[in-house]
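Remarks on the structure that follows.
All residue numbers refer to positions in the sequence shown, counting from 1. Note that these values count all heavy atoms, side chains included, but never hydrogens, waters or copies made by symmetry. Please read all numbers here as calculations on a predicted model, not as lab measurements.
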Amino acid sequence: MSKFIFVTGGVVSSLGKGIAGASIGKLLQLNGFKVNMIKCDPYLNVDPGNMSPFQHGEVFVTSDGVETDLDLGYYERFLDVHTTRANTNTAGNIYLTVLDRERKGQYNGATVQVIPHITDEIKKRFTAFEKDYDITIIEIGGTVGDIESLPFIEAARQLKLERPGKVLSAHLTLVPYISSSDELKTKPTQHSVIKLREFGITPDILFCRADRPLSDDIKGKISLFCSVPKDAVIEAGNKSSIYLVPENFYRQGADKQIMKMLGLKPKQKFDTTWFKFINENLEHKETVDIALVGKYSDLKDAYKSVNESIFLSGMSNKVNVNLIYVNAEKDNIEESLKNVQGILIPGGFGQRGMEGKIKAVEYARHSRKPLLGLCVGMQCILLEGARRAGLKGADSVEFNPKTPHPIIRLMEEYKEDRPRIGSHPIKVTEGSKAHQVYGGTDIDERHRHRYTFNTKYKDILEGEDLSISGWSKGDVAEIVEIKSHPFFIGVQYHPEFGSRPMKPHPLFKEFIAAAKKYKHKK
């Protein structure tokens, strides 16, 4: 029977439960276990699709077309798995499911309550992968004590009761440093554990976030007051890279403690390949500067997967990447791009910053600096080409419904419904730059858009040295490029969701390689 690990957090939010959970999962995976992860968010939104990036960072998209929390990106990058709708749950989605059943009379007239109806639905989702994986790690969002997360905590308590010895509670807490007394304080951790116990769960292992090492005395004190073995008090200190966290936990024996508590034995000799690769490629002598031209320049989490893809591609290209955020709405574009070796235009919704992004396209074309455009970034390439071809007022109908030249049109089949989301097959033109990058003609990529290129302008734009080198569904343009440019590619999809530490996405990998080459030519 599958084992379960619940990851909860206390004291404050944003301690890094997603990274901690993914790191635990990585260690267990390196011991030979099949591991999967589930995220439970306590907010009432059905999914984060309609939430502002300022509220919740980027929207991560699964292969099967679900808009999810960015933590699923950590799961995929650390574990090299493809998440699905079963990997993500929100309180809103769970309540909606239960209420839909009630409206259909499926509860036979029973009074519908949080216990058992909501908690039963939550437990059903907790156990979604038990036949396919050895271990399921479940991250419960928010902070213990929040009213919104109580049904999830209660469902975790019930599952632990129903499956003795098969469920482990991992609790992430804060051990703050007080400068005036020059000491780390354990009281917040103690109170967080007390609060978790109030709901019927005693944590089995503690991961303590601190900005400096925990002494043996501190670990002993936490162990004593929280009823956790000293060896199960794991220091979760700050690291220069999130990809060093699994090794930090490993050196403290976290995986051994977890296996011991769950009655597991390693399925293979511990695989150190991950640690070796990360340590050998984190730092290099050479640096390339990449400009990210978007409208959320002050909000790094809005581009989390893009940032990680660029960083991981730098590792594989033996360079450090210095990412420079350029505000497409406010900054002087030409001045901001003057000293960089590569330009990236990420996806985004809404008109703000569009003209700045189009200027960035023009600059990249003239300067012959490598350019990668994602989703709306590809649309900016097409708009710049149309205006260059003399199509005055050329625009997207998203921003100007009355434009005389609707270069970007609305996809009718997605007019009323949700956007075109998830993986779709794409045919890449042989002999194109994209074909060279991918090394093949058949690819599959994740999408999130309603608007697409209006193919009636294809001949005009191809007369401007642009070529459409990727298509899906026969008439949906997926890739645009300039063959005569060292690297000038725009894609309608989101390749950033496919990058992994040892397997960066080929588009990002070749983009950084082109930036490195440009620097050497200079």
Side-chain angles (χ1 to χ4, degrees), residues 3-21 23-24 39-40 42 119 122 126 137-178 181 183-238 245 248-249 252-262:
K3 311 281 186 172
F4 299 87
I5 299 172
F6 287 97
V7 179
T8 55
V11 186
V12 293
S13 60
S14 301
L15 285 179
K17 293 187 297 296
I19 294 168
S23 297
I24 293 167
K39 177 68 188 288
C40 295
T119 51
I122 293 171
F126 283 169
I137 300 173
I138 301 156
E139 178 193 347
I140 298 177
T143 308
V144 167
D146 295 344
I147 193 168
E148 296 95 340
S149 63
L150 289 180
F152 293 103
I153 299 293
E154 169 60 19
R157 183 196 69 79
Q158 291 179 20
L159 196 70
K160 198 169 185 179
L161 180 68
E162 293 163 4
R163 304 194 183 198
K166 301 186 185 303
V167 179
L168 182 142
S169 170
H171 193 49
L172 185 68
T173 71
L174 180 68
V175 181
Y177 171 74
I178 306 299
S181 60
E183 60 182 336
L184 289 166
K185 305 301 287 186
T186 65
K187 195 61 74 176
T189 292
Q190 293 176 44
H191 279 286
S192 183
V193 170
I194 289 168
K195 178 58 70 173
L196 190 58
R197 280 190 191 141
E198 283 179 11
F199 303 129
I201 297 175
T202 296
D204 300 293
I205 186 167
L206 293 176
F207 291 86
C208 301
R209 293 284 283 119
D211 65 357
R212 60 206 65 216
L214 302 182
S215 66
D216 279 349
D217 286 346
I218 291 287
K219 286 188 175 183
K221 187 175 181 181
I222 292 172
S223 168
L224 178 65
F225 282 93
C226 298
S227 297
V228 171
K230 189 175 176 181
D231 288 342
V233 178
I234 307 297
E235 179 188 306
N238 298 334
V245 175
N248 178 37
F249 289 174
Q252 298 177 70
D255 56 326
K256 292 182 178 65
Q257 280 295 319
I258 289 169
M259 288 187 286
K260 179 182 173 183
M261 290 172 172
L262 288 175

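The shortest non-hydrogen separation linking Lys17 to Leu172 is N-CD2, 3.6 Å. In plain terms, the two heavy atoms of Phe6 and Phe126 that are nearest each other are CE2-CE1, 3.4 Å. For the pair Met261 and Pro229, the tightest heavy-atom approach, listed with the atom from each and the gap, is CE-CG, 4.4 Å. Nearest heavy-atom pair, Val233 versus Cys208, reported as atom, atom and distance to 0.1 Å: CG1-SG, 4.0 Å. Across every non-hydrogen atom of Cys226 and Val193, the tightest pair is SG-CG2, 3.8 Å. Minimum heavy-atom separation, Ile205 to Ala232: CG1-O, 3.2 Å.
Within the 3.5 Å criterion, the main-chain N or O of Lys219 finds no donor-acceptor partner in the side chain of Ser223. Without hydrogens or angle criteria, Arg209 side chain to Leu15 main chain gives a donor-acceptor distance under 3.5 Å. Using a distance-only test at 3.5 Å, with no hydrogens or angles considered, a donor-acceptor pair links the side chain of Lys3 to the main chain of Leu262. A side-chain donor-acceptor contact under 3.5 Å links Thr189 to the backbone of Leu174. Judged by distance alone, the side chain of Lys160 and the main-chain N or O of Thr202 form a donor-acceptor pair under 3.5 Å. Not a single donor-acceptor pair under 3.5 Å links the side chain of Glu148 to the backbone N or O of Pro42.
In this structure, CD1 in Ile258 is found 8.0 Å from CD1 in Ile234, a value given to the nearest 0.5 Å. A distance of 9.0 Å separates OG1 in Thr119 from CZ in Arg157, rounded to the nearest 0.5 Å. Rounding to the nearest 0.5 angstrom, the gap separating the CZ atom in Arg197 from the OG atom in Ser192 is 11.0 Å. Within the model, atoms OH of Tyr177 and CG of Asp211 stand 8.5 Å from one another, a figure rounded to the nearest 0.5 Å. For the atom pair OG (Ser169) and CG (Leu196), the distance works out to 5.0 Å, reported to the nearest 0.5 Å. In this structure, CG on Leu161 lies 11.0 Å from CD1 on Ile201, to the nearest 0.5 angstrom.
With sequence neighbours left out, the ring-ring contact (aromatic ring centres under 6.0 Å, His included) criterion links Phe152 to no other residue. By the side chain to side chain contact (heavy atoms under 4.5 Å, CB included) test, Phe225 pairs with Gln190, Lys221, sequence neighbours left out. Take Asn248 and apply the side chain to side chain donor-acceptor pair (under 3.5 Å) test, not counting sequence neighbours, and it matches Gln252.
Under 4.0 Å is where a charged nitrogen must lie from a carboxylate oxygen, and between Lys260 and Asp231 no such pair does.
Between Val175 and Ile222, some side-chain heavy-atom pair lies under the 4.5 Å cut-off. Residues Val144 and His171 meet the side-chain proximity criterion, which asks for heavy atoms closer than 4.5 Å. Side-chain contact check for Ile218 versus Thr186: some heavy-atom pair is nearer than 4.5 Å. Side-chain atoms of Leu159 and Glu162, non-hydrogen and from C-beta on, do get closer than 4.5 Å to each other.
Applying the side chain to side chain contact (heavy atoms under 4.5 Å, CB included) test between Leu168 and each of Val7, Asp204, Ile24 identifies Asp204 as the sole match.
Note: Phe207 and Phe249 have tilted aromatic rings, judged against thresholds of 30 and 60 degrees for the angle between ring planes.
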